Amino acid sequence: MTAGYTCQRCMHQLRKLTHPKISATLCKSTPKQEWSTTASKATFRKDPKHGFALQQRRCIASAQSQGQRPIEEPPQIYTPPGLADTSTPTLSGNVLLQPGNLFHHFSESPSPDLRRRAAFMKTHAYCPHPSHHRTRTPNSPHDPEARKEQTTQAPAFVRFECPDCGLPVSCTEEHWADDYESHMEICDRLRQTNEDDHDLRSGRFFPEFEYPGPQMEEALVNMTNWDTYLYTREFEAINDERSLRQVTMLLTYPVTIGSILSELSPYDYKKGDRLTTEGLKSLSALRYTLHPPRTGADGTIKGLRPNPPPVRLFILGARAESSLPREVWEQLTFLFPRVQFHLIFIGPESMLNRDREFPLPERTATNPFGAIVEDRISHELKISTYVDYYHTLHQARHFQPFDPYFDCFVLFHPGLGHPASSHEWAETLPQLLETKVPIITTGYTEWDMQRDLKWVEEQMGGEMDILMKPGENKFRSLRWDINDYDPTDISCGNWGVWAFRGKRYEATMKD
């Protein structure tokens, strides 16, 4: 870097002071990006170029990936205002990726995180060309592995990056060109996902992640689709499709639950609709609790009223949803302002990569399962996390008794019928049906949901009732995600939703 008008002797002393410390700080790798579980607050930093304070707003990108500066780049030393040599180009650590500059090949991305993903794909993902031998059992008839029947070549890792989508999708350019027609079916979505990933790491401010607070009960929320929900909940106007995809990636989890449990649900009991008779019975019990009548309670002694217990939502097999910002889950409480919620995340991966945030407590007599309790989020929301399997807690009768008016199970992408995970649910499924409370389940695709439904019917036979037929979720994530082990496998969170429950038997009296 050119020193400009700074004294060369002073520059020499500054280099001696800054290189041992600043370089070590810049070269240290930052931790893996995680969703913060606390409400972000605005912080202030001093601009090294102009000397005044700038408000650094909340941003979802990690500190490492906000700028385009390589990790090994030496520190930048700025001269005082007015004395800098304007002819010398300098690269700031907060250079933004502009909306027209979001497409980059993963291996040449300005973000080190995406370059690492590209290297991971090239060493773990196999070429989908039908001339290679199979590397696994096909998951569905639409799986590219299902085409590999008459093969002559050994499996090969993906090395060639498609010039249109920027992702490694084939082992060679010849195989990419030969299978180009098949790749074109997903190339546009892969490019869209590429740009969305760079947008998250662009360093820009994300106004779409500023969530509204409580609103007056008389202003009803329209749950028809994403547009009507965001408008009636008074979100900041989102006029960009990319911003809409980013915000729905997080909100799909609480809003999917709220859209089913609300009395204004878009899933109705009509001829040809998805809600069944048994589903109407179960959801009516929950809606009776979620929409209570006014009791005249206020803050005075005369206005004291007994409060009902909180509505418990058991989220089993929790993974990414357990690490969402808590202000995202608060959006569920704003749909039901007179009710308290207790979210219970259960699963061996519910605290994955969050050890620095919440170290796991020791298991004691008062906390036998090492639960992590967050009870100061708000007056209407409490969250507990159990790093254990549900059947272990159920056998210990840790949550009994269950009440269909106050309890509900939610399974986000459980993989009930997936060959790699079905054995983990074999012991849990009978216990869930034994509770007789609703079980809401989502899936990545139509095939994924049908496979889960088929497995449940084979395991339990006639001991279950369908509450809501499988179909597309009106509040699915609009953003497509890539499987790093197979870049041709793209899906969106909570694409479909269905619900079931243990069968109830009604006794009839005879004379």
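In this text, all values refer to a predicted model and were calculated from it rather than measured experimentally.
The closest side-chain heavy-atom distance from Tyr229 to Leu335 is below 4.5 Å. Within the 4.5 Å cutoff, no side-chain heavy atoms of Asn194 are placed close to those of Cys165. Between Asp448 and Trp495 the shortest side-chain heavy-atom distance does not fall below 4.5 Å. A heavy-atom distance below 4.5 Å is not found between the side chains of Arg479 and Cys492. Side-chain contact between Tyr269 and Met468 is absent, with no heavy-atom pair separated by less than 4.5 Å. Residues Val221 and Leu264 fail the side-chain proximity criterion, which asks for heavy atoms closer than 4.5 Å. Proximity of Ser322 to Arg354: side-chain heavy atoms (C-beta onward) are separated by under 4.5 Å at one or more points. Using a 4.5 Å cut-off on side-chain heavy atoms (C-beta onward), Thr442 and Thr252 make no contact.
Checked by atom type and distance alone, the side chain of Ser323 pairs as donor or acceptor with a backbone atom of Ala320 at under 3.5 Å. Panel note: side chain Thr333, backbone Glu380; no donor-acceptor pair is recorded below 3.5 Å. Judged by distance alone, the side chain of Arg242 and the main-chain N or O of Gln192 form no donor-acceptor pair under 3.5 Å. Checking side-chain atoms of Tyr389 against main-chain N and O of Thr428 turns up no donor-acceptor pair under 3.5 Å. No donor-acceptor pair under 3.5 Å is formed between the side chain of Asp273 and the backbone N or O of Leu275. Remark: side-chain polar atoms of Thr276 are paired, donor with acceptor, to backbone N or O of Ile466 under 3.5 angstrom. Side chain of Thr289 to main chain of Tyr405: a donor-acceptor pair is present (N/O by atom type, distance under 3.5 Å, no hydrogens or angles). Between the side chain of Thr441 and the backbone N or O of Ala499, no donor-acceptor pair lies under 3.5 Å. At distances below 3.5 Å, not a single donor-acceptor pair connects side-chain atoms of Ser265 with backbone N or O atoms of Leu261. Of the possible polar contacts, one joining the Trp226 side chain to the Arg476 backbone as a donor-acceptor pair under 3.5 Å is found.
For the pair Arg204 and Phe206, the cation-pi test (distance below 6.0 Å, angle within 45°) is passed. Cation-pi geometry between Arg191 and Phe103 is met: the NZ or CZ atom falls under 6.0 Å from the ring centre, inside 45° of the normal.
His198 and His104 have tilted rings, their planes meeting at an angle from 30° to 60° on a 0 to 90° scale. Using cut-offs of 30° and 60° on the angle between ring planes, the pair Tyr386 and Phe399 is perpendicular. Using the six-membered ring where Trp is involved, Phe120 and His124 have ring planes that are parallel, under 30° apart on the 30 and 60° scheme.
A donor-acceptor contact under 3.5 angstrom links the side chains of Glu446 and Gln450, judged on distance only. Side-chain contact of Gln340 with Asn307: a donor-acceptor pair under 3.5 Å is absent, judged by distance alone. Between the side chains of His105 and Glu161, at least one donor-acceptor pair of N or O atoms lies under 3.5 Å. Of the N and O atoms on the side chains of Asn225 and Thr228, at least one donor lies less than 3.5 Å from an acceptor on the other residue. Between the side chains of Ser111 and Asp113, not a single donor N or O lies within less than 3.5 Å of an accepting N or O. Between the side chains of His413 and Asn494, a donor-acceptor pair is found at a separation under 3.5 Å.
For Arg397, the CZ atom sits in a loose shell: 12 or fewer heavy atoms of surrounding residues, nucleotides or ligands are nearer than 6.0 Å. Within a 6.0 Å radius of CD in Glu236, other residues, nucleotides and ligands contribute 12 heavy atoms or fewer. Glu217 CD: more than 12 foreign heavy atoms inside a 6.0 Å radius. Atom NZ of Lys454 has 12 or fewer neighbouring heavy atoms from other residues, nucleotides or ligands inside a 6.0 Å radius.
Atom-to-atom distance recorded for Gln215:CD and Leu220:CG is 9.0 Å, nearest 0.5 angstrom. The CE atom of Met449 sits 13.5 Å away from atom NZ of Lys469, with the distance rounded to the nearest 0.5 Å. Taking CH2 of Trp480 as the start and CZ of Arg189 as the end, the distance is 4.0 Å to the nearest 0.5 Å. Here the straight-line distance linking atom CZ of Phe409 with atom CZ of Phe500 works out to 10.0 Å at 0.5 Å rounding. Atom CZ of Arg287 and atom CD of Glu263 lie 8.0 Å apart (nearest 0.5 Å). Annotation: the span from Leu416 atom CG to Leu453 atom CG amounts to 10.0 Å, rounded to 0.5 Å.
Nearest heavy atom pair, residue Lys474 against residue Tyr267, reads N-OH, 3.0 Å. The heavy-atom pair separating Met121 from Asp484 by the smallest distance is CE-OD1, 3.3 Å.
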**Prompt:** side-chain contact (heavy atoms from CB on, under 4.5 Å) between Asp388 and Ile346: does it pass, once the steps are laid out?
**Reply:** CA-CA 6 Å; Asp388 212 331; Ile346 304 175; 5.6 Å; no

task = Would you please test Cys408 and Val437 for side-chain contact (heavy atoms from CB on, under 4.5 Å) and show each step?
result = CA-CA 6 Å; Cys408 179; Val437 301; 6.0 Å; no

| said: Walk me through whether Glu210 and Phe205 qualify under side-chain contact (heavy atoms from CB on, under 4.5 Å). | reply: CA-CA 10 Å; Glu210 292 292 335; Phe205 173 61; 4.0 Å; yes

When you look at Leu316 and Leu432, which way does the side-chain contact (heavy atoms from CB on, under 4.5 Å) test go after all the steps?
-> CA-CA 10 Å; Leu316 308 187; Leu432 295 180; 3.5 Å; yes

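Just one residue in the list Asp199, Asp240, Thr193, Asp196 forms a side chain to side chain donor-acceptor pair (under 3.5 Å) with Arg245, and that residue is Asp196. Each of Phe345, Tyr211, Phe341 was checked for a ring pair (Phe, Tyr, Trp, His ring centres under 6.0 Å) with Trp329, and the lone residue meeting it is Phe345.
With respect to the salt-bridge test (charged N to carboxylate O, under 4.0 angstrom), the residues Asp465 and Lys436 do not qualify. Between Lys281 and Glu278 there is a salt bridge, since a side-chain N of the basic residue sits under 4.0 Å from a carboxylate O of the acidic one. Salt-bridge formation is not detected for the pair Asp375/Lys382: no Lys NZ or Arg NE/NH1/NH2 atom is positioned less than 4.0 Å from an Asp or Glu carboxylate oxygen.
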